[in-house]
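Protein chains get the first letters and strands the later ones, always in sequence-line order, with residue 1 at the start of each.
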4 protein chains.
Amino acid sequence: MFIRVDSSNGVPVYEQIVRQVKFAIADGVVAAGDLLPSVRELARELAINPNTVARAYRDLQSQEIVELASGIGLSVRSGAKRECQTQRRRLLQMRIGNVLEEAFQSGLDAASVRRLVDAELARLDKQFVGNSSDE
Amino acid sequence: MFIRVDSSNGVPVYEQIVRQVKFAIADGVVAAGDLLPSVRELARELAINPNTVARAYRDLQSQEIVELASGIGLSVRSGAKRECQTQRRRLLQMRIGNVLEEAFQSGLDAASVRRLVDAELARLDKQFVGNSSDE
Amino acid sequence: MFIRVDSSNGVPVYEQIVRQVKFAIADGVVAAGDLLPSVRELARELAINPNTVARAYRDLQSQEIVELASGIGLSVRSGAKRECQTQRRRLLQMRIGNVLEEAFQSGLDAASVRRLVDAELARLDKQFVGNSSDE
Amino acid sequence: MFIRVDSSNGVPVYEQIVRQVKFAIADGVVAAGDLLPSVRELARELAINPNTVARAYRDLQSQEIVELASGIGLSVRSGAKRECQTQRRRLLQMRIGNVLEEAFQSGLDAASVRRLVDAELARLDKQFVGNSSDE
DNA sequence: GTGGTCTAGACCACC
DNA sequence: GTGGTCTAGACCACG
């Protein structure tokens, strides 16, 4: 299973699902034409309310990432990979920008902000060696 | 006035007030022993309901940043500056860490993440020249 | 229902609720993982405004006694029982200490104070037979 | 000066003054006919608002503990000592009773309550050796 | 259904 | 004047 949710995360569960499905598509873990796991199945595996999964899937449909294959399930649309990659980049850029802006606005000077960023980057670099990206 | 709120921000107004009071204390804009602006005064200036300000101030009390001087107002406690600086550092470290971690987990490699960060840092550096910080 | 409030008590209603929830947890009446009665339900049963219950519950959250299970309710955290027992002991010790100290400081000698205490203890012993405590 | 107030005490300052004046009278530190310190003088010595002292003195007048000696000040009435002793006993009995009752109601059993009381009594016994009482 | 936020306004205690 | 408590009710997000 390519999805993991953390209910004590602040981020709504349905949104975590939406994001991770998109990330999986962006990375090619799930390809165009593939079916998403059924609402019931995913709900059981994540031990969450099926309504939550349903809501996530509804969002993915309305964003035209997946489409309903009647009687079969939800399948990834053909242009989805490229779209998900673009969205991923935009999303991360916005979030990074927001956080850094928040740091500046809180009264810290540029040097302090950069120190914080570098420390975190160093910490994470070690954790995620060997990540591959096709962007 | 050292507080500005943005009601269309997603972040609850009372929480924005809590943060900004803490930041003001961390930066020395408000010193130990100083009184916060009165509930009614701040509510009037921000054009919000006094209860919203009161809730923010109650949070500051329960976090022992500020104490009730009965019939006088709320005064900044003696250890508050150091505490607020610590909290600010921790808060930003956590938020930056979370965002960067999300970037790595989304499948991007280290180089891509660093590129995003550097671009945003460059953009914001220009915007916030002249920030001063005690830390 | 394990909560009873007395609005003509001087002690704020929301604080009575906070205390009694903690006492119930300390006594094991409510266990870790259990949900508190919903805000609306408790408000209805106590015939008070839901906001008053909500404020009590918010305090319990910020004291980390209870945590939000989004869309479900508030559940008692795992370490809460031990914490509530400790707090109960400290609270009572402080209150008893304060009152006895006040008695001494008011000029009474030790014998007079002890006489007062013994009389009250005897009176209450009869009233509260069969209390059980984990401590 | 026979009065000390603690503004971070929960107990209103004016009430602390009322109590301590009464205790001083009960103990004979201030006798019938003696004048209380003037409002301005006491306010200066305690570093509090004169209105607060004035309110305390007003209460003492309305309770007929002191009386206005026009142009002179407030003097302790003749029957005050006996009255203050009676009130002191009643007040302490009530407060002790309330606290012990609260302990029982919080779910503790009689043994636990008695243990708390004995511990505090032992602690205070050492602190207040040589208290004398004429009750 | 759940809790959270915000507004509006009454009333109280303290200084 | 100060903050604190409580009520009442609208609106939103989440499951």
Undergrad: Would one find a side-chain N or O of A/R55 under 4.0 angstrom from OP1 or OP2 of F/dG15?
TA: no
Undergrad: Is the distance from OP1 or OP2 of F/dG15 to the nearest side-chain N or O of A/Y14 less than 4.0 Å?
TA: no
Undergrad: Calculate the interatomic distance between A/Y57 atom OH and F/dG15 atom P; express it in whole Å.
TA: 16 Å
Undergrad: Whole angstrom is fine here: how far is it from CD1 in B/I48 over to P in E/dA8?
TA: 11 Å
Undergrad: If you compare every side-chain N and O of B/Q61 against the phosphate oxygens of F/dG3 (OP1, OP2), does one of them come in below 4.0 Å?
TA: no
Undergrad: To the nearest angstrom, how far is C/E67 atom CD from E/dG3 atom C1'?
TA: 14 Å
Undergrad: Measure the distance from CZ on B/R44 to P on F/dT2 and round it to the nearest whole Å.
TA: 9 Å
Undergrad: Between atom CZ of D/R4 and atom CD of D/Q20, what is the distance when rounded to the nearest 0.5 Å?
TA: 9.0 Å
Undergrad: Rounding to a whole Å, what distance do you find between C/L68:CG and E/dT5:P?
TA: 10 Å
Undergrad: For the pair made of CG in B/L74 and P in E/dC14, what is the distance, rounded to whole Å?
TA: 17 Å
Undergrad: Got a donor-acceptor contact below 3.5 angstrom from the C/D59 side chain to the C/A56 backbone?
TA: no
Undergrad: Are A/Q61 and A/L68 packed together at the side-chain level, in the sense that at least one heavy-atom pair is separated by less than 4.5 angstrom?
TA: yes
Undergrad: Going by modelled atom types, is there a donor-acceptor pair between the base of E/dG3 and the side chain of C/R40 at under 3.5 Å?
TA: yes
Undergrad: Between B/L36 and B/N51, which has a closest nucleotide on DNA chain F that is more 5'?
TA: B/L36
Undergrad: State, without any angle test, whether C/S7 and C/N9 hold a side-chain donor-acceptor pair at a distance under 3.5 Å.
TA: no
Undergrad: On DNA chain F, check which nucleotide each of B/G71 and C/V11 is closest to and give me the residue with the more 5' one.
TA: B/G71
Undergrad: Report yes if a side-chain nitrogen or oxygen of C/S38 is closer than 4.0 Å to either non-bridging phosphate oxygen (OP1 or OP2) of E/dT2; otherwise report no.
TA: yes
Undergrad: If each of C/A54 and B/I72 is mapped to the nucleotide of DNA chain E with the nearest heavy atom, which maps nearer the 5' terminus, i.e. the 5' end?
TA: C/A54
Undergrad: Which residue lies toward the 5' end of DNA chain E, B/A69 or B/S7, if each is placed at its nearest nucleotide?
TA: B/S7
Undergrad: Is F/dC14 paired to anything, Watson-Crick or G-U wobble with both distances less than 3.5 Å, and if yes, which nucleotide?
TA: E/dG1
Undergrad: Please give, in whole Å, the distance from F/dG15 P to C/L35 CG?
TA: 15 Å
Undergrad: Please determine whether a side-chain nitrogen or oxygen atom of B/R58 lies at a distance below 4.0 Å from atom OP1 or OP2 of F/dG3.
TA: no
Undergrad: Could you check whether any side-chain heavy atom of D/E83 comes within less than 4.5 Å of a side-chain heavy atom of D/E64, counting everything from C-beta outward?
TA: no
Undergrad: Let's see if you can work this out: which of F/dT7, F/dC6, E/dT7 has an atom nearest to the side-chain heavy atoms of C/N49?
TA: F/dT7
Undergrad: Of the candidate nucleotides F/dG3, E/dT5, F/dG15, which contains the atom at the shortest distance from the side chain of A/V13?
TA: F/dG15
Undergrad: Verify the contact: side-chain N or O of B/S70 to OP1 or OP2 of E/dA13, cut-off strictly under 4.0 Å; return yes or no.
TA: no
Undergrad: In whole angstroms, how far is the C1' atom of F/dT2 from the CG atom of B/D34?
TA: 17 Å
Undergrad: Considering only NZ, NE, NH1 and NH2 on the basic side and carboxylate oxygens on the acidic side, decide whether D/E102 and C/R19 come within less than 4.0 Å.
TA: yes
